[in-house]
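All chains are named by letter (A, B, ...) in the order of the sequence lines, taking the proteins before the strands, and each is independently numbered beginning at 1. The figures that follow rest on heavy atoms only: side chains count, while hydrogens, waters and symmetry mates do not. Only a predicted model underlies this, so the values are computations on that prediction, with no experimental measurement involved.
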2 protein chains.
Amino acid sequence: MSQNTKTKHHHGDLKNALISAGLDILEENGLDGLSLRKCAAKAGVSHAAPAHHFGNLDGLKEAISARAFGLFREAMIQAAEAEGSDDRARLKGICRGYLRFGLNHKGLLDVMFGLPASAFLKASKVPDESDSYAVLREACAPFVPEGSTPEIVEVQVWSLIHGFTQLYTSGRFGDLPEKDADQGLFDQVIALLDSLSAAPS
Amino acid sequence: MSQNTKTKHHHGDLKNALISAGLDILEENGLDGLSLRKCAAKAGVSHAAPAHHFGNLDGLKEAISARAFGLFREAMIQAAEAEGSDDRARLKGICRGYLRFGLNHKGLLDVMFGLPASAFLKASKVPDESDSYAVLREACAPFVPEGSTPEIVEVQVWSLIHGFTQLYTSGRFGDLPEKDADQGLFDQVIALLDSLSAAPS
DNA sequence: ATCTGATCTTTACACTGTCAAGTTGGATCA
DNA sequence: TGATCCAACTTGACAGTGTAAAGATCAGAT
């Protein structure tokens with residue numbers, strides 16, 4: 001029994017185990033299903049164990065979100081690369097990845113965008129790991145008008161795709177007529193970005 | 001004592017009193033501060049009284065939201081009318097009212113857009129009272145391309161302003177440089193709607 | 001071999017939503 | 001008028017939650 005499966009203390013990697021448990025719960029039961037005690041139970045520790053690593057529930061959510069932002073970032077990059085090398089197609093690919101992540105991982109998106117501002121910034125900007133905003137910034141770069149700050153285009157694109165994703169994944173568009181469904185509606189809505197003018201390279 | 005202030009039963013208009021209490025709590029302490037028991041206490045009744053009128057917490061949230069959607073609708077209409085009669089200015093006015101409502105009443109917006117899909121539809125579509133979507137639809141009507149369904153433009157506009165409002169009111173844009181602040185950033189972002197082409201009247 | 005401190009458990013408490021059963025009092029009906 | 005009914009509300013209870021305090025355990029350093 002060099003490695004008893006039920007040693008009472010010193011789990012070994014409880015911090016990551018709790019984060020993984022939280023991700024599982026979010027995927028299965030959404031944000032409402034997440035609790036410190038359920039994460040602890042899933043990881044096989046006492047209900048108060050998470051507090052030692054994360055302080056409180058907000059701390060756990062921030063840690064979970066840091067991992068989730070990594071997945072989010074990868075989903076956007078992957079969707080963009082599937083679009084080839086055209087700048088506009090790439091930007092739309094980012095948006096498609098954004099929406100797809102929301103559809104497939106609504107619980108994760110909810111916890112990420114439910115964070116307080118400071119926790120959001122920390123969780124979303126782990127360099128070379130979870131920095132999701134950098135993905136957006138790079139995709140928007142070819143569309144920054146001369147003499148303008150890049151933030152404007154970035155906020156335009158972010159607002160459009162974030163709003164669409166939130167509304168769509170929450171069922172706010174009701175039961176759409178089939179002709180508009182899914183990719184169709186997305187393509188038609190995201191076409192608003194066709195008005196962005198490509199900056200001179 | 002024709003009207004004792006502390007009659008034990010038969011409050012009179014408890015339903016509306018609880019909704020008002022809920023609105024107050026949301027304005028003061030946000031969505032996290034809202035609870036059945038606090039609403040009951042604020043209305044001066046026992047903790048289980050709200051269940052009789054609303055069934056459960058979701059029911060109370062739906063009822064609160066129905067009232068909030070009325071305020072939301074009025075805020076958008078008022079902001080639009082301040083813009084005069086130009087179609088595009090009116091549409092942007094709607095959006096400005098949307099944002100302003102989010103800034104001034106974040107708790108309300110949170111409870112409204114936190115509702116499950118079916119409750120959202122019921123709360124947001126009380127005819128001649130809380131039908132907020134009708135306001136958007138009418139403002140978008142002049143920009144529906146010939147041969148297209150109105151839903152596309154509506155979803156474009158809704159997504160853009162909803163995303164911007166959510167991100168802005170949650171502090172997702174960080175501490176913005178002053179030059180982009182407030183109305184400035186809003187105007188620059190909403191300028192994306194300048195690409196919508198006015199339909200032939 | 002002892003000490004120390006990080007890790008985890010146990011216990012406790014306030015707060016939450018929700019259910020079940022009891023109480024009240026206005027309205028209806030004989 | 002007096003009995004009855006029932007909606008409105010209270011009381012009590014229970015499970016679940018976050019979180020704080022204090023105790024137990026174990027790995028590693030001294």
Side-chain angles (χ1 to χ4, degrees), chain A residues 1-22 24-26 28-65 107 110-111 114-116 119, chain B residues 1-22 24-26 28-65 107 110-111 114-116 119:
Chain A
M1 67 176 205
S2 63
Q3 176 128 9
N4 194 330
T5 58
K6 285 255 176 177
T7 53
K8 297 212 158 189
H9 298 75
H10 293 82
H11 172 285
D13 194 18
L14 181 56
K15 195 165 183 175
N16 280 311
L18 287 168
I19 293 172
S20 298
D24 288 349
I25 291 174
L26 286 170
E28 293 170 16
N29 299 103
L31 184 54
D32 290 343
L34 184 71
S35 77
L36 281 171
R37 293 172 107 104
K38 283 182 192 163
C39 288
K42 195 150 195 163
V45 295
S46 78
H47 67 264
H52 186 264
H53 291 281
F54 305 106
N56 54 21
L57 182 58
D58 285 336
L60 175 60
K61 285 180 177 176
E62 180 180 328
I64 292 173
S65 295
D110 285 344
V111 74
L115 293 177
Chain B
M1 66 178 207
S2 64
Q3 175 129 8
N4 194 331
T5 58
K6 284 254 175 176
T7 52
K8 298 212 157 188
H9 298 76
H10 294 81
H11 173 283
D13 194 17
L14 181 55
K15 195 165 183 176
N16 280 311
L18 287 168
I19 294 173
S20 298
D24 287 349
I25 292 174
L26 286 170
E28 292 170 17
N29 299 103
L31 185 54
D32 290 344
L34 184 72
S35 77
L36 282 172
R37 293 172 107 104
K38 284 182 190 163
C39 288
K42 195 149 195 163
V45 293
S46 77
H47 67 265
H52 187 264
H53 291 280
F54 305 106
N56 55 21
L57 181 59
D58 285 337
L60 175 61
K61 285 181 176 175
E62 180 180 329
I64 292 172
S65 295
D110 285 344
V111 74
L115 293 177

Note to self: If the condition is salt bridge (Lys or Arg N to Asp or Glu O under 4.0 Å), which residues does B:K42 pass it with, not counting sequence neighbours?
What the structure shows: B:E28
Notebook entry, point to check: Going from CG on A:L34 to CG on A:D110, what distance comes out if it is rounded to the nearest 0.5 angstrom?
Noted result: 11.0 Å
Next item on the list: Could you pull out all residues at least two apart from A:S20 that satisfy side chain to side chain donor-acceptor pair (under 3.5 Å)?
Entry: A:R67
Check: Which distance, rounded to the nearest 0.5 Å, do you find between the NZ of A:K61 and the CG of A:L31?
Finding: 5.5 Å
Margin query: From CD1 of B:I25 over to C1' of C:dT16, roughly how many Å is that when rounded to an integer?
Written below: 13 Å
Note to self: The criterion is side chain to side chain donor-acceptor pair (under 3.5 Å); which residues satisfy it with B:D32, sequence neighbours excluded?
What the structure shows: none
Check: Using a cut-off of 4.0 Å on non-hydrogen atoms, how would the nucleic acid contact of B:G12 be classed: base, sugar-phosphate, or nothing?
Finding: sugar-phosphate
Item checked: Distance test, side-chain N/O of B:H53 to OP1/OP2 of D:dA7, below 4.0 Å -> no
Margin query: Without decimals, in angstroms, what is the distance between A:H52 NE2 and C:dA6 P?
Written below: 7 Å
Notebook entry, point to check: Any salt bridge (Lys or Arg N to Asp or Glu O under 4.0 Å) pairs touching residues 48-57 of chain A, not counting sequence neighbours?
Noted result: none
For nucleotides 17-21 of chain D, tabulate all protein N/O to nucleotide N/O atom pairs closer than 3.5 Å, reporting atom names and distance.
| from | atom 1 | to | atom 2 | distance (Å) |
| --- | --- | --- | --- | --- |
| D:dT17 | OP1 | A:S35 | OG | 3.4 |
| D:dG18 | OP1 | A:L36 | N | 2.9 |
| D:dG18 | OP2 | A:L36 | N | 3.2 |
| D:dG18 | OP2 | A:R37 | N | 3.3 |
| D:dG18 | N7 | A:R37 | NH1 | 2.5 |
| D:dG18 | O6 | A:R37 | NH1 | 3.0 |
| D:dT19 | OP2 | A:L57 | N | 2.8 |
| D:dT19 | O4 | A:R37 | NH1 | 3.3 |
| D:dT19 | O4 | A:H47 | NE2 | 3.3 |

Checklist line | For atom CG of A:D13 and atom C1' of C:dT7, their distance in whole Å | finding: 13 Å
Check: Through what angle, rounded to 10 degrees, does the axis of the helix from C:dA1-D:dT30 to C:dA30-D:dT1 turn between its ends, using five pairs per end?
Finding: 10°
Note to self: The criterion is side chain to side chain contact (heavy atoms under 4.5 Å, CB included); which residues satisfy it with B:A63, sequence neighbours excluded?
What the structure shows: B:I19, B:F54
Next item on the list: Go through the structure and list residues passing side chain to side chain contact (heavy atoms under 4.5 Å, CB included) with A:A119, not counting sequence neighbours.
Entry: A:E62, A:L115, A:P116
Notebook entry, point to check: Considering residues at least two apart in sequence or located in another chain, which fulfil the side chain to side chain contact (heavy atoms under 4.5 Å, CB included) criterion with B:L36?
Noted result: B:P50, B:L57, B:L60
Check: To the nearest 0.5 Å, what is the distance between CG (A:L26) and SG (A:C39)?
Finding: 7.5 Å
Please produce a list of atom pairs where a protein N or O lies less than 3.5 Å from an N or O of nucleotides 22-27 of chain C.
| from | atom 1 | to | atom 2 | distance (Å) |
| --- | --- | --- | --- | --- |
| C:dT23 | O2 | B:H9 | NE2 | 3.4 |

